[in-house]
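Accompanying notes for the structure given below.
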Protein chains: 2
Amino acid sequence: MPKRVDHDERRRELADALVRRARTSGLHATGFREVAAEAGVSVNLVQYYFPTKAELLAGGLLHLRELLRPRTEHDGSPADRIRAILRALLPTDDTSTDLYRLHAAYAALAFTDPALAAQPHTAGPDELQPVLAALLADAAPAVHPERTATSLLALGTGLSAYLVSGYLTPADALAALDEQLDRILS
Amino acid sequence: MPKRVDHDERRRELADALVRRARTSGLHATGFREVAAEAGVSVNLVQYYFPTKAELLAGGLLHLRELLRPRTEHDGSPADRIRAILRALLPTDDTSTDLYRLHAAYAALAFTDPALAAQPHTAGPDELQPVLAALLADAAPAVHPERTATSLLALGTGLSAYLVSGYLTPADALAALDEQLDRILS
DNA sequence: AGGTTCATCGTACCGCTGTACTATAAAAAC
DNA sequence: GTTTTTATAGTACAGCGGTACGATGAACCT
């Protein structure tokens with residue numbers, strides 16, 4: 001076996017195994033043994049890269065955030081970019097639904113776990129809000145950019161929650177979003 | 001000790017102990033022993049009323065839903081009632097914040113636990129949406145009642161998520177909600 | 001070539017948690 | 001008044017999960 005291994009890469013592989021497992025079995029049912037089995041590797045190797053459970057969980061969250069980091073680079077007019085960003089937020093296929101649900105599990109854990117709470121665990125507005133506000137200032141001069149950006153993101157978050165819970169179909173959620181966007185964008 | 005006890009009442013007491021404990025310690029860290037200690041009672045008594053862990057959890061969820069069942073009875077004009085219902089949805093004080101977070105933990109669990117998923121676990125739109133739609137049909141004839149009701153509830157859900165995560169202050173969330181309501185309610 | 005380091009494995013331990021078994025006192029039944 | 005429920009408590013057991021301890025073979029260094 002090789003001696004030198006890229007530790008960051010290895011950690012990413014293991015974190016990905018955690019995500020794969022947890023997004024179907026649940027985060028609460030995913031420990032060292034499950035991650036090891038999913039990665040096809042020994043239990044102790046997982047502990048070699050993530051010495052403690054807290055670090056394993058944190059590594060999983062870091063990787064998950066990477067997986068669902070929204071692509072903010074779209075082309076087209078500012079109005080088109082706004083629409084594209086918000087649409088990309090909604091979990092409309094099975095994969096993004098699973099990831100969103102896993103993220104919800106992490107968020108719930110973070111409420112009572114200070115270590116996780118310290119880590120930025122958000123698919124929250126903090127990254128997208130300024131981007132959206134800047135685009136809105138350009139595309140919709142009539143509205144207050146920051147407040148409108150926040151409201152749009154909140155709407156997207158709520159629609160996402162309804163989507164993953166099965167209360168809405170993707171078509172309905174997109175329609176609700178578009179209705180709001182059509183009103184704002186001139 | 002008395003022989004006859006109201007079992008439903010006792011179950012409610014124990015479920016309340018579970019909620020009290022879980023809303024600060026986290027649902028994952030709340031088992032038979034913790035509930036028993038919180039209720040000042042023996043471990044076995046908890047099991048006497050909730051024979052299995054699944055039933056204990058389900059009992060807690062049932063009680064939690066009761067605690068945060070929104071009061072839909074308000075007085076005033078339809079417009080006032082709409083505003084009151086949506087405001088009441090937002091967790092603006094510490095208690096409702098804790099309960100909302102606990103509910104989020106239950107929702108996350110339900111995604112991977114069929115037994116919990118079968119139980120109606122929602123602070124979702126299913127109860128409020130028809131009520132709101134009926135009021136909207138009266139107060140805002142220009143808009144599509146069902147779609148608008150869903151959008152408003154989604155906005156409320158998103159704002160609630162941002163509130164319990166600390167991204168928004170109650171004042172900001174209420175302002176965002178009011179802005180939207182002012183636009184719709186003529 | 002020999003020793004050292006490093007990635008990997010197998011196994012063992014210990015604490016916690018759900019669950020089961022037995023006991024007991026008080027109230028109800030008769 | 002005795003017997004039978006019934007609400008409660010204490011203790012015990014078994015499985016699982018995180019963690020720790022050794023072992024081993026391959027690659028690197030000199």
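Everything numeric here is computed off the predicted structure, so don't read it as measured data. To find a chain, count down the sequence lines: A is the first, B the second, and so on, and within it residues start at 1. Every heavy atom of this structure was used, including side-chain atoms; hydrogens, water molecules and symmetry mates were not.
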Distance-only criterion, 3.5 Å: show the donor-acceptor pairs between side-chain atoms of residues 51-61 of chain A and protein atoms not counting sequence neighbours.
none

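- For the pair A/Lys53 NZ and D/dG17 P, the interatomic distance rounds to 9 Å; values are reported in whole Å.
- In this structure, the salt bridge (charged side-chain N to carboxylate O under 4.0 Å, His left out) partners of A/Arg83, at least two apart in sequence or on a different chain, are A/Asp178, A/Asp182.
- One interatomic measurement links the two molecules: CG of B/Asp6 to P of D/dA7, which rounds to 10 Å at whole-angstrom precision.
- Remark: B/Asp98 engages no residue in a salt bridge (charged side-chain N to carboxylate O under 4.0 Å, His left out) (not counting sequence neighbours).
- Interface residues of residues 7-31 of chain A facing DNA chain C, ordered by number: A/His7, A/Arg10; criterion, heavy-atom separation under 4.0 Å.
- Using a distance-only test at 3.5 Å, with no hydrogens or angles considered, no donor-acceptor pair links the side chain of A/Gln180 to the main chain of A/Leu177.
- Contacts of B/Ala84 classified as side chain to side chain contact (heavy atoms under 4.5 Å, CB included), with partners at least two apart in sequence or in another chain: B/His74.
- With sequence neighbours excluded, no residue forms a salt bridge (charged side-chain N to carboxylate O under 4.0 Å, His left out) with B/Arg21.
- For B/Ser77, the side-chain hydrogen bond (donor to acceptor under 3.5 Å, both in side chains) test picks out B/Asp80, with sequence neighbours left out.
- Scored by the salt bridge (charged side-chain N to carboxylate O under 4.0 Å, His left out) test, A/Arg20 finds A/Asp16, A/Glu38 as partners (sequence neighbours excluded).
- Interface residues of residues 32-52 of chain B facing DNA chain C, ordered by number: B/Phe32, B/Arg33, B/Asn44, B/Gln47, B/Thr52; criterion, heavy-atom separation under 4.0 Å.
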